[in-house]
Amino acid sequence: MVRLPLTPEQIQAGARLGALLRELRGGRGLDDVAGAAGMSPETLRKIETGRLPSPAFGTVVRLADALGVPVEKLAEAWRDGAAFEAAS
């Protein structure tokens with residue numbers, strides 16, 4: 001199965017998600033949040049920087065749990081940015 005390239009909209013959505021994750025992480029270290037979410041710090045870094053713009057659903061759920069936010073907040077940021085604008 002061949003995976004189609006991401007669209008510009010999906011890449012922008014990943015950038016919004018990454019920016020929101022960095023904001024929500026605040027003063028917590030990358031290692032701390034990544035460990036709490038059950039992933040490597042490098043994976044979290046890739047998501048936050050947009051190099052992994054479309055993380056798996058389970059990854060997003062674990063990040064929401066680790067950050068203590070509803071998964072809907074992260075989904076909204078990915079969907080259209082409204083949650084990110086409200087959080088800023």
Side-chain angles (χ1 to χ4, degrees):
M1 176 178 204
V2 176
R3 185 173 183 183
L4 297 174
L6 296 174
T7 66
E9 292 80 15
Q10 289 170 316
I11 292 169
Q12 290 173 350
R16 286 192 306 269
L17 175 62
L20 179 59
L21 289 170
R22 279 191 308 277
E23 181 178 315
L24 293 171
R25 189 163 53 85
R28 289 178 68 185
L30 194 73
D31 292 346
D32 176 40
V33 174
M39 66 183 65
S40 72
E42 182 59 24
T43 298
L44 180 54
R45 184 177 292 110
K46 286 179 182 178
I47 295 168
E48 286 189 353
T49 61
R51 290 181 10 233
L52 182 57
S54 187
F57 178 72
T59 299
V60 175
V61 170
R62 290 191 315 269
L63 283 168
D65 288 345
L67 293 167
V69 299
V71 72
E72 293 84 3
K73 183 174 184 114
L74 301 182
E76 191 63 33
W78 198 93
R79 190 177 296 121
D80 67 9
F84 179 68
E85 291 167 11
S88 297

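For clarity, every value in this text was computed on a predicted model and none was experimentally measured. For this chain, numbers begin at 1 and follow the sequence in order.
- To the nearest 0.5 Å, atom OG1 of residue Thr59 and atom CG of residue Leu74 are 11.5 Å apart.
- No donor-acceptor distance shorter than 3.5 angstrom exists from the side chain of Trp78 to the backbone of Ser54, with no hydrogens or angles considered.
- Listed by chain and residue number, Val60, Val61, Ala64 satisfy the side chain to side chain contact (heavy atoms under 4.5 Å, CB included) test with Val71 (two or more places apart in sequence, or in another chain).
- Under the rule for a side-chain hydrogen bond (donor to acceptor under 3.5 Å, both in side chains), the partners of Glu42 that lie at least two apart in sequence or sit in another chain are Arg45, Arg51.
- Leu30 approaches Arg25 most closely through the heavy-atom pair N-NH1, 3.3 Å.
- Taking 4.0 Å as the cut-off between side-chain N and carboxylate O, Arg79 and Glu76 count as a salt-bridged pair.
- Partners of Ser40 under the side-chain hydrogen bond (donor to acceptor under 3.5 Å, both in side chains) rule, at least two apart in sequence or in another chain, are Thr43.
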Quiz prompt | Derivation and outcome, side chain to side chain contact (heavy atoms under 4.5 Å, CB included), residues Ile47 and Leu63 | solution = CA-CA 11 Å; Ile47 295 168; Leu63 283 168; 4.1 Å; yes
Exercise. Begin from the C-alpha positions of Leu24 and Lys73 and carry the test side chain to side chain contact (heavy atoms under 4.5 Å, CB included) through to its verdict.
Key: CA-CA 11 Å; Leu24 293 171; Lys73 183 174 184 114; 4.0 Å; yes
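- Scanning for salt bridge (charged side-chain N to carboxylate O under 4.0 Å, His left out) contacts around Arg62 gives an empty result, with sequence neighbours left out.
- Counting heavy atoms from C-beta outward, Pro55 and Leu17 have side chains that approach closer than 4.5 Å.
- The salt bridge (charged side-chain N to carboxylate O under 4.0 Å, His left out) search around Asp32 returns Arg28, not counting sequence neighbours.
- Listed by chain and number, the hydrophobic cluster partners of Leu6 are Ile11, where partners are ILVMFWY side chains within reach of under 4.5 Å, directly or through others.
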